[in-house]
*Asks:* 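The following block contains the structure, expressed as structure tokens.
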Amino acid sequence: MIAKVVIDKKREGHALGSAEIREFIEGFTRGEIPDYQMSALAMAICCRGMTERETADLTETMKNSGTCLSWEIPTADKHSTGGVGDKLSLVIQPLAAACGVSVPSLTGRGLGLTGGTADKLETIPGYSCAQTLERFQEIVKTVGVSLSVQTDDITPADKKLYALRDVTGTVASIPLIVASILSKKLAEGAHTLVFDVKCGKGAFMKTREDATGLANALVAGAKAAGRKAAALVTDMDAPLGYAVGNANEVQEALDILKCVSSLESRVLAVTDLCVEFAALMVSLEKEIKLDEARQMCREKLEKGLALGKFEEMVTAHGGDLERFERFMAKPTFKFRIQAMKSGYVTAIDAEKVARAAFMLGAGHAQAGDRIDPRAGVTLAVKVGDRVAVGAPLATLEKSTEPDGLDAAAAELYKAFQVSPTAPEAKPLILERIS
Ligand code: URA
């Protein structure tokens with residue numbers, strides 16, 4: 001295989017052969033094909049696309065570039081394309097485990113505006129997402145669920161290629177995104193994969209067409225690889241729930257897991273979405289009706305069994321929830337923004353809320369940057385609420401010095417739209433793909 005010939009072929013819009021894809025990616029992973037040729041091929045794929053077969057070949061090659069796990073117990077995982085206030089994995093994964101479906105979940109650290117599940121979990125004192133693959137497998141087998149970070153042994157080809165795509169304008173390509181996401185999820189080995197493809201202002205996929213296209217491609221790719229799969233396209237115009245940050249999101253997830261009655265109505269829509277995802281995982285993996293799985297999930301949640309799984313997982317990862325409670329009780333710097341006019345909250349722009357949280361120190365600008373675990377935004381209202389002049393809209397928070405609160409508050413204020421007429425209610429689930 002001559003790298004330039006493969007690049008020329010794709011640039012001219014032809015489909016690549018399975019061997020060409022495999023040899024190119026393997027050569028790049030070994031360091032024999034230089035970054036500039038890989039970047040050129042990635043750009044050609046961005047412009048010309050790939051067929052389903054080519055995407056499947058790329059996925060398979062990237063999956064096989066590292067260790068692939070396999071399980072003899074019922075297993076499922078949920079992958080989200082990333083959203084603002086997306087703490088769903090903290091509830092869904094333990095909930096599925098409470099229903100008897102084990103969840104090997106390799107998750108990510110946030111980069112840029114949207115936070116990563118690993119960063120959120122590691123605000124629990126002692127919790128380490130960095131486990132060896134042996135320990136990860138042991139936790140899944142004994143506890144039923146592990147939320148860890150991807151190790152270097154899993155899909156090294158994706159790690160190397162993603163770093164290149166990130167700096168060469170080649171992230172926005174459905175076949176490259178599908179191969180990247182799916183190769184990692186297939187390498188985890190779960191028999192069932194459920195995808196949460198977020199759509200809207202705070203999502204990677206801004207339009208419904210793109211989100212649906214990605215969801216269909218992920219489900220088709222997972223099925224082609226022999227897994228059971230489904231996807232929900234979900235709304236990400238406004239943040240999920242009330243907390244956007246890290247420790248405050250863990251607290252909100254704990255409130256959902258504890259079914260805290262005074263808060264239940266505030267996070268009801270998020271709770272319902274968690275139940276829906278966990279039920280999809282359980283119904284596909286156990287091959288039972290979705291309604292039956294929903295009922296099972298709700299019962300396990302209400303009986304505190306999902307909370308129990310979460311607590312066991314935290315302990316297995318070295319975390320201490322009592323220390324987390326003490327940490328959350330410590331004073332922080334807070335600043336509240338208020339409504340300047342009365343009316344209905346018609347929009348809360350998720351991207352602007354995420355930017356405000358990021359300005360406070362809730363995210364990493366570059367891999368390895370430290371985050372402020374207490375930095376974030378807690379909304380006081382949701383879309384559709386009626387507010388009077390002076391009513392609180394949100395609180396900004398930081399654990400260290402109060403610098404930067406004003407600029408972040410100005411950004412956050414721009415996220416809110418208050419109008420005289422009530423907005424139409426919008427569902428969180430926009431589309432189901434199975
Ligand atoms: N997330 C991934 O893991 N890969 C992509 O290419 C895009 C989003």
Side-chain angles (χ1 to χ4, degrees), residues 21 25 28-29 35 38-39 41-47 49-50 54-63 65-66 68 77-84 86 88-89 104-119 129 147-188 190 193-200 202-207 210-222 225 227 229 231 233-234 236 351 354 363-364 366-367:
I21 293 172
I25 297 297
F28 166 67
T29 311
D35 286 1
M38 184 69 245
S39 306
L41 181 61
M43 186 56 86
I45 294 171
C46 269
C47 299
M50 275 184 145
E54 286 177 287
T55 309
D57 287 335
L58 181 62
T59 306
E60 180 75 4
T61 305
M62 294 198 343
K63 180 197 84 174
S65 67
C68 296
D77 192 16
K78 184 262 331 174
H79 175 81
S80 160
T81 55
V84 179
D86 186 0
L88 300 194
S89 291
S105 194
L106 293 171
T107 178
R109 294 188 193 282
L111 196 56
L113 291 186
T114 55
T117 298
D119 296 317
C129 284
L147 282 159
S148 300
V149 282
Q150 189 188 342
T151 64
D152 289 343
D153 333 15
I154 299 274
T155 58
D158 175 61
K159 199 169 180 196
K160 207 171 164 200
L161 178 54
Y162 193 82
L164 207 56
R165 287 170 57 211
D166 204 25
V167 291
T168 54
T170 52
V171 169
S173 148
I174 296 275
L176 291 177
I177 296 170
V178 168
S180 169
I181 293 175
L182 261 190
S183 59
K184 289 177 283 212
K185 289 290 131 186
L186 294 174
E188 266 176 24
L193 292 172
V194 170
F195 301 96
D196 180 4
V197 179
K198 304 247 176 248
C199 172
F204 191 44
M205 295 289 141
K206 305 282 182 213
T207 68
D210 284 350
T212 302
L214 178 58
N216 275 315
L218 286 167
V219 171
R227 312 297 164 94
V233 176
T234 62
M236 193 20 76
E351 191 175 4
H364 310 267
Q366 303 199 14

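All ligand and atom numbering here is 1-based and tracks the order in the structure. Note that the coordinates shown come from a computational prediction; the quantities given were computed from them, not determined experimentally.
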*Asks:* If we count only N and O atoms by modelled type, under 3.5 Å, do the side chains of Thr168 and Thr170 hold a donor and an acceptor together?
*Replies:* yes
*Asks:* Decide if atom NZ of Lys159 counts as having more than 12 heavy atoms of other residues, nucleotides or ligands within a radius under 6.0 Å.
*Replies:* no
*Asks:* Among all protein heavy atoms, pick the one closest to atom 3 (O) of ligand 1 and tell me residue, atom and distance.
*Replies:* Lys184 NZ, 2.5 Å
*Asks:* Please state which protein non-hydrogen atom is closest to atom 4 (N) of ligand 1 and give its distance, to 0.1 Å?
*Replies:* Ser180 OG, 2.6 Å
*Asks:* Do any nitrogen or oxygen atoms of Tyr162 come within less than 3.5 Å of a nitrogen or oxygen of ligand 1?
*Replies:* no
*Asks:* Leu176 and side-chain contact (heavy atoms from CB on, under 4.5 Å): which partner among Asp158, Ile181, Leu58, Thr55?
*Replies:* Leu58
*Asks:* Is it true that Val171 lies under 4.0 Å from ligand 1, counting heavy atoms only?
*Replies:* no
*Asks:* Let me confirm one number: the OG1-CD distance from Thr155 to Gln150, rounded to the nearest 0.5 Å.
*Replies:* 4.0 Å
*Asks:* Scan side-chain atoms only and decide if Lys160 and Thr29 contain a donor-acceptor pair under the 3.5 Å cut-off.
*Replies:* no
*Asks:* Could you give the distance from CG (Leu218) to CD1 (Ile177), rounded to the nearest 0.5 Å?
*Replies:* 9.0 Å
*Asks:* Looking at atom 8 (C) of ligand 1, what's its closest protein heavy atom, distance included?
*Replies:* Phe204 CE2, 3.9 Å
*Asks:* Students should be able to answer this: which protein heavy-atom is nearest to atom 1 (N) of ligand 1, and at what distance?
*Replies:* Ile181 CG1, 3.9 Å
*Asks:* Taking 4.0 angstrom as the limit and counting only heavy atoms of Ile177, give me the atoms of ligand 1 inside it, by number and element.
*Replies:* 6 (O), 7 (C)
